[in-house]
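Each remark here refers to the structure printed beneath this line.
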Amino acid sequence: MKNKLMRLDVAVQTFVKDRMSIAAGGFPLARQSNIFIKEILRQNKKGGVKVRDLYWVEPGIGFGGSMLVAEGIIDSVISTFSSHERAGLSVITRDALEKGIPRKIKWEDESNLTLNSRLMAGALNLPFIPCGSGIWGDLKKPGLWDGKMAYPKNVVTEDPFGSGRKVALLQAISPDLSIVHVPFADTHGNGIILGSMYYDYWLARAGKKIVLIADQIIDTEMCRRYPNLVAIPGVGVDAVVPWFMGAWPCNSPGVYGEDLEHISMFIKNSRGEALRSYLDKYVYSWENHQQYLELIGAEKVAALQDNPAKVLAEPFGQWILPQDKVAALLP
Amino acid sequence: MKNKLMRLDVAVQTFVKDRMSIAAGGFPLARQSNIFIKEILRQNKKGGVKVRDLYWVEPGIGFGGSMLVAEGIIDSVISTFSSHERAGLSVITRDALEKGIPRKIKWEDESNLTLNSRLMAGALNLPFIPCGSGIWGDLKKPGLWDGKMAYPKNVVTEDPFGSGRKVALLQAISPDLSIVHVPFADTHGNGIILGSMYYDYWLARAGKKIVLIADQIIDTEMCRRYPNLVAIPGVGVDAVVPWFMGAWPCNSPGVYGEDLEHISMFIKNSRGEALRSYLDKYVYSWENHQQYLELIGAEKVAALQDNPAKVLAEPFGQWILPQDKVAALLP
Amino acid sequence: MDSAANRKELLKLYTPMEFACTVAYKYCKDGANVFCGVGLSLLPAQLAQKTFAPDVSIIYEGGSIGSVAVGRIPWGIDDTVIQVNAECQTDVLSTLGWLVQTGRVHLTYLGAAQCDRYGNLNTTLYGDDYTRPAARVSGSGGGHDLAVGSQNFVVIMNHREDRIVDKLDYQTSPGFCDGGTSRWDKWGLSGGGPLAICTDLAVLTPNPVSRELEIAAIYPFTTLEEVKARTGFPIRIAAGFKVVEPPTAEEIKILREQLDVTGDFTGWKKLFA
Amino acid sequence: MDSAANRKELLKLYTPMEFACTVAYKYCKDGANVFCGVGLSLLPAQLAQKTFAPDVSIIYEGGSIGSVAVGRIPWGIDDTVIQVNAECQTDVLSTLGWLVQTGRVHLTYLGAAQCDRYGNLNTTLYGDDYTRPAARVSGSGGGHDLAVGSQNFVVIMNHREDRIVDKLDYQTSPGFCDGGTSRWDKWGLSGGGPLAICTDLAVLTPNPVSRELEIAAIYPFTTLEEVKARTGFPIRIAAGFKVVEPPTAEEIKILREQLDVTGDFTGWKKLFA
């Protein structure tokens with residue numbers, strides 16, 4: 001099998017195009033693809049990509065998704081909720097939806113089952129999938145609401161096999177790109193997830209292209225020893241970006257916990273000048289992985305790693321490739 | 001959570017009823033629910049259950065399924081193939097289909113994707129699911145062929161979302177009972193699979209009732225340390241039957257390999273008196289687990305355990321509960 | 001009895017949401033599979049688990065099953081503190097799709113921004129224009145799916161005339177739909193709908209025939225008049241109406257010392273500020 | 001050249017199925033994702049992997065990906081010897097559903113009981129009565145799904161007039177359906193259909209327009225006449241027709257010493273019996 005390691009900047013330049021649909025994994029506090037999202041913004045500023053209108057698919061719009069909305073490069077969202085969990089609602093998403101700041105965005109509401117089902121249908125190359133959700137209520141109403149519907153919403157139909165049961169047919173979603181943050185991946189693209197999977201099993205598979213961001217690159221021997229832990233088979237993955245602490249300030253169970261302090265600070269700095277300063281510092285100011293880690297701070301990194309969930313990763317330490325070896329493997 | 005351990009005989013008496021549908025996991029050489037199947041036959045003889053007509057759903061009819069056909073208690077089969085892999089075709093299934101020996105059975109052919117999809121639909125409580133398979137050819141034709149079709153087969157339809165794509169709608173299968181052999185399960189019903197999953201992720205979930213047969217009962221602490229290895233969540237499982245070597249002569253990766261010698265011998269003894277003697281000895285002659293193991297033979301058991309795939313189970317030995325502790329936990 | 005004085009006294013001892021939690025947790029049965037969402041809806045199942053229902057299985061939609069939060073109450077179902085000791089980690093399709101839609105989840109606790117007379121819920125937005133909401137709330141998350149498929153659910157929410165309403169601003173999750181048996185006959189939904197709406201003032205339960213919400217109980221610090229005034233539609237009194245007893249010392253001890261230690265959820269720490 | 005003598009000599013050195021395998025494995029490209037079934041179809045991808053295509057990824061439908069068989073060639077995709085060192089173990093929905101149906105599988109090797117003029121396959125039964133087949137073979141397994149979704153496939157099978165036929169006894173897996181572009185236009189199937197049928201006598205490939213199978217090559221030990229006589233429909237000669245070169249020493253060495261060690265698959269050990 002092939003070595004699929006790729007530098008962060010190269011991955012964004014290679015896979016991200018304007019007006020594409022991107023499905024991003026994780027959940028508001030967990031394994032969101034934050035470093036990849038930041039790199040989209042950084043490359044956009046540097047001219048490495050030119051992105052104005054993304055079609056964004058994500059279970060819950062939290063930290064990363066909010067930054068894209070804040071920078072005005074989201075045209076449309078398909079999601080099920082928008083919050084930082086107990087830390088609060090997404091101020092940025094609210095401002096966009098309620099006030100059109102910095103721009104009006106189109107929004108399509110789904111439930112977690114309907115959205116995950118739509119992505120599974122995409123992964124299985126089915127044009128649609130039935131669901132018991134989405135029959136009653138407003139979720140089935142047209143969502144992308146700028147007056148020009150991109151497609152019709154749920155079609156409620158009866159079981160053709162005569163049970164009399166009603167289901168909603170949901171249109172499949174096959175995003176142009178799926179991005180998923182994982183704690184461990186090998187050079188072949190085999191991705192291991194520890195802790196809750198959320199949508200990621202099918203969300204990853206749904207992408208026409210699939211990019212993993214991994215905190216640690218592991219020796220393939222670990223996959224051979226624990227093949228049933230490989231949630232995302234490398235044979236379907238297009239690239240793996242190694243980036244320790246890439247999900248920060250979200251958690252990456254087994255490697256580090258969520259930085260609730262930082263997320264709360266972000267929510268408080270989600271408007272105007274404070275937001276500008278925040279983005280300047282945390283998205284645009286640094287130049288490389290080392291500076292990124294310095295920005296978080298060695299003490300903070302250590303504190304986030306010292307998390308009860310680290311027990312989940314304990315058996316695997318011996319297979320983590322050292323940084324210099326990973327650097328040597330990066331084309 | 002509750003202790004779901006159950007004795008083999010009690011499990012068969014509790015969950016098996018005549019004219020029910022049973023979906024059985026594994027693949028012809030792997031993790032078939034052979035001990036549970038034998039116990040159905042044994043209880044049938046002893047009067048613990050009275051079973052004449054089972055509706056049998058299994059990816060590939062191999063060892064266990066053939067024994068049920070041989071004893072004439074299968075009315076209908078939904079399957080995708082019938083063989084012992086390289087060891088040969090199932091003589092018993094062929095005799096039933098070609099010559100009605102010992103009785104005519106109804107047979108419905110599926111492909112591995114269509115059957116697994118139908119079971120996934122059952123697991124998700126969907127009445128049907130679309131599929132790209134089952135559009136062309138004879139798989140879509142009525143299968144249960146005694147003149148009284150139980151239900152219509154695949155309905156070919158167009159994507160209601162306008163892509164122009166055609167799909168086959170497949171009717172869901174929600175078997176009354178799913179039985180899956182796993183190497184490890186805890187008392188709460190959390191089932192761990194090592195090696196290929198075949199259909200078992202969704203086949204297990206599809207059952208209205210779910211029974212696991214486990215070679216080893218493990219401490220729940222192992223599930224807490226490797227929660228991502230739990231393929232079948234205990235919260236949905238109804239009972240766990242502890243039975244070391246329960247899949248024999250199939251393999252149970254991590255614990256033992258397939259007994260090709262025995263399977264080849266079974267194929268050679270698949271008719272007439274030889275078959276009778278085989279069943280008398282291997283199904284009906286023994287009284288308890290110890291006698292069952294003696295019948296296989298200690299040397300053979302040791303040889304089958306000494307298999308390169310044992311590396312998959314190496315990290316988990318410390319959590320295997322000793323036999324006396326398991327016995328004490330059995331109600 | 002002087003109800004105003006009474007109220008004053010009780011609200012020095014307990015917060016309204018502590019009343020709601022201690023009513024809500026009694027709907028949990030031992031051995032049940034219980035689904036928890038975020039915020040306040042996290043508390044009742046954990047309270048039940050620590051008291052009369054040790055064998056309850058708590059399921060979080062992200063895939064965490066059987067975990068016991070370590071150190072603090074989780075900020076969400078995706079918090080690391082419930083990633084630590086789960087018996088099983090699976091995914092949303094297995095929790096909301098398999099377990100919920102096949103009826104294996106006995107009880108779900110949900111929060112809501114609005115609830116209508118038939119127990120239908122809005123967790124999405126306020127305002128009459130979806131394209132520019134007056135206020136966006138979180139969204140469905142798994143709420144819609146749980147309301148559809150869970151055997152039953154209990155809602156915990158605030159009681160104001162713009163929250164317990166005649167008409168939802170957005171129909172996120174089904175209760176009894178158009179009332180009566182329409183949930184099943186007309187809409188074909190599998191689960192049983194809401195057992196109760198536990199607010200900060202009262203407990204509302206569905207009339208067994210019309211499925212319209214009625215006042216089943218009020219907390220001792222309020223009055224029927226206040227509850228009616230704070231309800232956005234004319235509401236009836238249920239048969240067997242009663243006044244809820246205050247939480248027991250044990251309930252309060254567990255809630256405050258083991259669960260909502262920081263007071264973020266029920267606000268109890270403000271009582272002593 | 002004395003073709004009878006020639007034939008005799010070559011068949012002392014190689015079995016017909018060794019010819020079939022060494023033709024078939026050349027369709028495999030390095031770096032490709034290749035799907036293997038059971039029996040003979042297991043050999044070509046492994047031969048390619050051990051020669052010019054070290055970066056091939058072998059996928060088995062049960063879920064085993066990237067494994068290298070230990071000790072002996074697997075008796076099936078469920079044999080323990082390919083459970084040992086897989087890089088990933090997943091399930092049938094992920095292999096046949098995700099990888100195959102999204103076009104991520106470049107090449108599949110299939111066996112068949114019958115093949116018709118358009119490369120459609122029967123792996124289910126012989127006879128004209130489904131309810132009482134003259135002979136039951138195995139069944140579809142994943143064959144139908146692979147024939148539908150794999151970018152392309154190559155068939156390895158025996159060449160007899162009742163195997164390469166005008167009309168299948170049972171339509172298990174689609175090739176070019178009714179011929180021409182009907183596979184895509186009429187039936188809407190995603191994959192590209194068969195590249196070649198490698199038999200024990202010849203290599204059949206589809207005409208680029210009609211998609212009817214033609215004789216692209218024969219093995220040196222046979223004749224066009226024999227191949228035509230053993231084909232159940234009048235078959236044309238393809239443009240560029242040729243006679244296949246015998247397997248190389250390296251190919252034979254790997255096939256016999258590393259893959260089909262027991263001779264169960266190609267029958268080579270009988271040559272020396």
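Computed from a predicted model, the values in this text were never measured in an experiment. Chain identifiers are assigned alphabetically (A, B, ...) following the order of the sequence lines, protein sequences preceding nucleic acid strands; residue numbering begins at 1 within each chain.
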Portion of B/Pro28 that has a non-hydrogen atom of chain D nearer than 4.5 angstrom
both
Please classify the contact of D/Ile77 with chain B as side chain, backbone, both or neither, using a heavy-atom distance under 4.5 Å.
both
Contacting moiety of D/Thr124, where chain B heavy atoms sit under 4.5 Å
side chain
If I measure from the heavy atoms of chain B, does D/Asp264 come under 4.5 Å with its side chain, its backbone, both, or neither?
both
Flag the pair B/Glu110 and B/Arg118 as a salt bridge only when some basic side-chain nitrogen lies within less than 4.0 angstrom of an acidic carboxylate oxygen.
yes
Does any heavy atom of chain D fall under 4.5 Å from the side chain of B/Leu89, the backbone, both, or neither of them?
side chain
Stacked cation flag B/Arg205 on B/Tyr201, 6.0 angstrom / 45 deg:
yes
Under 4.5 Å from any heavy atom of chain B, what part of D/Thr90 do you find: side chain, backbone, both or neither?
backbone
Check ion pair D/Glu257-D/Lys50 (N to O, under 4.0 angstrom)
no
CD/D/Gln258: more than 12 non-hydrogen atoms of other groups inside 6.0 Å:
yes
Picking from B/Ser133, B/Gly132, B/Gly134, B/Ser196, which has the most non-hydrogen pairs under 4.5 angstrom with chain D?
B/Ser196
Checking heavy atoms, do the side chain of D/Ala135, its backbone, both or neither come under 4.5 Å from chain B?
both
In terms of heavy-atom pairs under 4.5 Å with chain D, the winner among B/Gly137, B/Ala30, B/Gly26, B/Gly195 is B/Gly195
Identify whether the distance between the nearest side-chain nitrogen and carboxylate oxygen of D/Asp178 and D/Arg183 falls below 4.0 Å.
no
With B/Glu98, which residues qualify under side-chain hydrogen bond (donor to acceptor under 3.5 Å, both in side chains), at least two apart?
B/Arg94
Those residues that, when tested against B/His262, pass ring pair (Phe, Tyr, Trp, His ring centres under 6.0 Å) (two or more places apart)
B/Trp248, B/Tyr278, B/Tyr282
Sort B/Leu113 into side chain, backbone, both or neither according to what part of it lies under 4.5 angstrom from a heavy atom of chain D.
both
With only heavy atoms counted, which part of D/Tyr60 is less than 4.5 Å from chain B, the side chain, the backbone, both or neither?
neither
